[in-house]
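Contents: one structure, followed by commentary.
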Amino acid sequence: MQRRDFFRNSALLAATGLTASIGEANGSEPIRKAIHSGKEGVTCPSKWGEDPVEHFTSYHPDFADNNIWIRKDNQVVTVYRTQPYQKYPYLYPLIGPVSRVSVTSESAQPWPHHRSVFLGLDKVNGGNYWQASRADGQILSQEPKILRAEKTEVEFTDRCLWKKPNMDPIIEDSRKYVLTWRNEDYYTLDLFYTMTPLVDVEVKHTNHGFYGVRVEQDLAPEGSGKLLTSNGGTCQADSLGKPADWIAFYGQRHFNPAITEGVAVFCPPKMPFPNVPKEMEKCPWFVRDYGNISPMPFLFADKDFVFKFPKGEAIKANYRIVVFAGTPKDVDLTGLYKEFYN
């Protein structure tokens, strides 16, 4: 193999997040074998250090402002990012179970305020906790903590304040995330969320909120991916504003079309927000073919309708994300939905 071909192939392998064993065999073409540390059938040469880590590790590095890093087989699964200069805390990446490359996008065009797995809201007492500058409103992490780290599951929590600079907070929220690696084909990320208004809060008609996931372009319909809802919807036109238990984006990964991966978002059986119009009680979805998914009612009520959150009355909402290999038919999303909400 010529030298330039060797470096080209090495670069392609590095781009996928895999390492490779490359060697000559009796003058034939090199033997290439993908290595995922810790997987059955893979051996590592001796004197390469410690044995591969075959379970979750999670930690706060002492150099990184309380970000929480979660790894499996010593590869990053996700990072909970809590820097004080951010608009809000968010999780990125969210890796595919086979590719180990993220299925979510960080600050992608045309709307770079979408950051992977995030939570925020616009038109909150005149502030914007979803986009625009930090002066318009910011959600600030206060207490990120790792509660539990087991072989296949990590649980971590945070407390956040919604506020404008130099002003008292208007909302306090608490969040618990549980990430469970079910098998080599899929894992779940569950959010148990409580939001407590510290003052009377009003939210006006907006399409910017509440819990959002932005997928990579190779999973989005405007890229090369596909959309499917629990009710059979296959695009933005037949999904926007309509109820469904879950919505999934999936597709062949652009760096390796032999791998298909996807991400599904679940919505609670009933919208948890107060004074929701009856027609909005079953989750209506905000969805875009460029790759945004958000289960929320704030766009679909009458334009003059105002959502009111009285001071001190806590709102609870639970959400599940499933990251999977293959297509939605290869994982029992409906079964996982019933498991979570029953």
Side-chain angles (χ1 to χ4, degrees), residues 114 117-124 130 173 175-176 188-197 201-215 220-221 226-250 262-310 313-324 328-329 331-342:
H114 295 168
V117 179
F118 59 108
L119 191 152
L121 189 58
D122 189 7
K123 300 186 180 179
V124 183
W130 176 276
D173 77 44
R175 49 190 78 183
K176 179 175 75 172
T188 55
L189 174 65
D190 298 336
L191 168 61
F192 302 89
Y193 183 79
T194 301
M195 181 177 73
T196 304
V201 171
E202 294 186 348
V203 180
K204 295 183 178 180
H205 187 269
T206 178
N207 62 341
H208 294 135
F210 175 62
Y211 182 59
V213 176
R214 178 67 185 272
V215 304
K226 297 180 180 179
L227 179 154
L228 183 66
T229 80
S230 62
N231 294 335
T234 58
C235 64
Q236 175 181 316
D238 59 17
S239 307
L240 179 66
K242 297 184 179 180
D245 291 340
W246 51 262
I247 289 185
F249 282 138
Y250 63 101
V263 56
V265 182
F266 293 1
C267 183
K270 185 177 180 180
M271 282 282 93
F273 308 108
N275 73 310
V276 173
K278 188 172 182 61
E279 64 273 17
M280 299 291 104
E281 288 184 351
K282 179 63 177 176
C283 177
W285 288 82
F286 183 82
V287 58
R288 291 291 194 238
D289 280 341
Y290 60 70
N292 186 56
I293 316 173
S294 184
M296 60 83 124
F298 301 103
L299 177 64
F300 306 108
D302 184 86
K303 287 188 176 182
D304 295 325
F305 184 84
V306 176
F307 290 84
K308 296 183 179 181
F309 299 77
E313 294 188 10
I315 310 302
K316 295 181 182 292
N318 300 335
Y319 299 94
R320 168 168 280 185
I321 292 173
V322 182
V323 183
F324 57 90
K329 294 180 180 179
V331 60
D332 183 10
L333 294 177
T334 297
L336 290 170
Y337 182 92
K338 292 178 180 178
E339 169 197 279
F340 186 60
Y341 288 112
N342 287 345

* To do: Please tell me if the side chains of Asp245 and Thr334 come closer than 4.5 Å, counting only heavy atoms from C-beta onward.
  => no
* More than 12 heavy atoms of other residues, nucleotides or ligands under 6.0 Å from NZ of Lys282: is that the case? -> yes
* For the pair Asn231 (side chain) and Pro243 (backbone), establish whether a donor and an acceptor sit closer than 3.5 Å, ignoring hydrogens and angles. => yes
* Asked: Which value, rounded to the nearest 0.5 Å, describes the distance between Arg320 atom CZ and Trp246 atom CH2?
  -> 14.0 Å
* Asked: At their closest point, which heavy atom of Pro268 faces which heavy atom of Cys283, and how far apart are they?
  -> O-CB, 4.0 Å
* Asked: Does any non-hydrogen side-chain atom of Val287 lie less than 4.5 Å from one of Phe249?
  -> yes
* Kindly determine whether Phe305 and Phe300 satisfy ring-ring contact (aromatic ring centres under 6.0 Å, His included), including the steps that lead there. => CA-CA 10 Å; Phe305 184 84; Phe300 306 108; over 10 Å; no
* Does any N or O in the side chain of Lys123 come within less than 3.5 Å of the main-chain N or O of His205, such that one atom is a donor and the other an acceptor? -> yes
* If you round to the nearest 0.5 Å, how far is OH of Tyr250 from NZ of Lys226? -> 5.0 Å
* Structure fact -> Smallest heavy-atom separation, Trp130 atom then Gly120 atom, equals CE3-O, 3.3 Å
* Structure fact -> Tightest non-hydrogen contact, residues Met296 and Phe298, listed as SD-N, 3.4 Å
* Test item: Leu240 and Phe286 side chains (from C-beta on) under 4.5 Å apart, heavy atoms -> yes
* Between OH of Tyr319 and CG of Leu189, what distance do you get to the nearest 0.5 Å? -> 13.5 Å
* Quick check: does any side chain N or O of Asp289 sit under 3.5 Å from a backbone N or O of Gln236, one acting as donor and the other as acceptor? -> yes
* From CZ (Phe324) to CG (Leu333), nearest 0.5 Å -> 6.0 Å
* Side chains of Val117 and Tyr211: does their closest heavy-atom pair fall under 4.5 Å? -> yes
* If you round to the nearest 0.5 Å, how far is OG1 of Thr194 from CG of Asp173? -> 8.5 Å
* First locate atom CD of Glu339, then atom CZ of Phe266, and finally report the distance between them rounded to the nearest 0.5 Å. => 8.5 Å
* Asked: Going by heavy atoms in the side chains, are Glu281 and Met271 under 4.5 Å from each other?
  -> no
* Asked: Is the Phe309-Phe307 ring centre distance short of 6.0 angstrom?
  -> no
* To do: Specify the closest pair of heavy atoms between Val323 and Val263, including all atoms of both residues, with the distance to one decimal.
  => CG2-CG2, 4.3 Å
* Asked: Under 4.5 Å between any side-chain heavy atoms of Tyr337 and Asn342, yes or no?
  -> no
* Asked: Of the non-hydrogen atoms in Val265 and Ile293, which two are nearest, and what is the gap between them?
  -> CG2-CD1, 3.9 Å
* Structure fact -> In short, Leu227 meets Pro221 closest at the heavy-atom pair CB-CG, 3.9 Å
* To do: Answer yes or no: is there a side-chain heavy-atom contact under 4.5 Å between Leu191 and Leu119?
  => yes
* Asked: Can you check whether Asn318's main-chain N or O pairs, donor with acceptor, with Tyr341's side chain at less than 3.5 Å?
  -> yes
* Report the C-alpha distance between Thr234 and Leu228 in whole Å, list the side-chain angles of each, state the deciding distance to 0.1 Å, and finish with yes or no for side chain to side chain contact (heavy atoms under 4.5 Å, CB included). => CA-CA 5 Å; Thr234 58; Leu228 183 66; 4.3 Å; yes
* Asked: Can you tell me if Ser294 uses its side chain to pair, donor with acceptor, with the backbone of Phe210 under 3.5 Å?
  -> yes
